[in-house]
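In each ligand, atom 1 is the first atom listed, and ligand 1 is the first ligand listed. All values reported here derive from a predicted model rather than from experimental measurement. Residue indices begin at 1 and follow the sequence shown.
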Amino acid sequence: MERFEPGWYYRLSQFFREKFGHPLYKIPLEAGFSCPNRDGTIGRHGCSYCYNPSFSFVSGKEKPLSITEQLRRGKKKGAPGRRYLAYFQTYSNTYAPVEQLERLYSEALQDPDVVGLSISTRPDCVNRQVLELLEGYARKYHVWLEYGLQSSHNTTLERINRGHTFQQFQEAVRMTRGRHIYICAHLILGLPGESPEMMLQTVDRINGCGIDGVKFHQLQVIKGTPLAQQYEEGQFDVFASPEEYLSLLCDCLERLDPGITVHRLAGRVTSRELLLAPAWEESSAETARKVEAELIRRSSWQGRLARKRNRKNFSE
Ligand code: SF4
């Protein structure tokens with residue numbers, strides 16, 4: 001699909017095709033990191049919605065398999081000749097001494113089929129040393145740094161116990177820019193206390209931050225989390241149907257700068273057993289099909305109503 005034709009949004013797959021001429025696949029990795037919002041550095045209770053095994057692979061072992069072995073197993077599932085990004089996904093993947101980070105990232109990049117890294121972390125878990133390390137890799141490999149933001153509203157971040165502010169996210173992005181590193185932000189739509197207008201404001205604000213990609217998730221309430229208790233007490237509601245979510249998601253896409261790649265349209269739990277609400281969940285392919293159909297129905301595309309230009313954040 002051509003840019004700016006009805007139904008178009010900037011899929012990550014299109015970005016990879018444009019940049020490399022072929023697709024890239026991510027292999028999720030568990031590297032044994034922790035999270036400062038759980039180990040007591042920032043907090044002990046974590047974000048109110050978080051149960052890591054619900055959205056990333058957690059072996060439950062004290063010492064996970066080596067990165068090399070995890071990559072070997074991940075590649076076995078794909079066709080020969082594929083190229084991969086090593087996706088450091090579980091917990092906060094820059095939260096360790098820089099020597100330990102270097103050892104783990106370098107181990108992943110030794111694999112000849114791995115052409116880069118995708119590293120998921122918190123905005124308050126980077127510093128100059130870590131970013132210099134990543135900049136070194138980014139000069140030779142393809143590197144994404146994914147910051148969990150979820151909302152640009154500090155009242156919401158406080159309510160879900162994120163333990164950082166929007167300003168800290170902006171500062172992390174500012175420090176990351178200009179280092180050849182691609183930046184992705186994670187957002188959750190439907191957080192407690194947020195109106196649709198607040199969620200659209202978040203999109204407007206990230207347009208101006210200098211990021212390169214975004215992952216959208218619908219709020220999913222996982223059993224046993226603090227959020228589940230609040231949900232059962234009737235403190236907030238979730239999207240009642242996929243259509244309700246998709247309508248707001250398309251509003252967000254229309255407001256999203258067309259230069260920002262869309263890495264994900266909706267979240268999926270690793271096991272439906274863990275999900276308290278909402279009662280629905282769709283496959284990624286189904287969500288993508290419906291989003292495209294809705295944008296076509298609106299004669300619209302990503303960025304048609306964007307308010308700010310995204311600033312280019314790397315100098316290739
Ligand atoms: S920062 Fe990430 S890993 Fe830590 S509690 Fe929040 S969602 Fe969970």
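Ligand-side atoms of ligand 1 in range of Arg162: 1 (S), 6 (Fe), 7 (S), range being under 4.0 angstrom from any heavy atom.
Figure legend: cation-pi geometry between Arg3 and Tyr10, with NZ or CZ positioned under 6.0 Å from the six-membered ring centre and within 45° of its axis.
Distances from atom 4 (Fe) of ligand 1 under 2.8 Å pick out these protein N/O/S atoms: Cys35 SG.
Hydrophobic cluster of Leu274: the remaining members, joined at side-chain heavy-atom separations below 4.5 Å, are Tyr51, Ile222, Val269, Leu275, listed by chain and number.
Every residue two or more places apart in sequence or in another chain that forms a ring-ring contact (aromatic ring centres under 6.0 Å, His included) with Phe88 is listed here: Tyr105. The salt bridge (charged side-chain N to carboxylate O under 4.0 Å, His left out) check on Arg38 picks up nothing, with sequence neighbours excluded.
The distance from atom CD1 of Ile296 to atom CD of Glu5, rounded to the nearest 0.5 Å, is 7.5 Å.
Residue Arg272 places its CZ atom among more than 12 non-hydrogen atoms of other residues, nucleotides or ligands, all under 6.0 Å distant.
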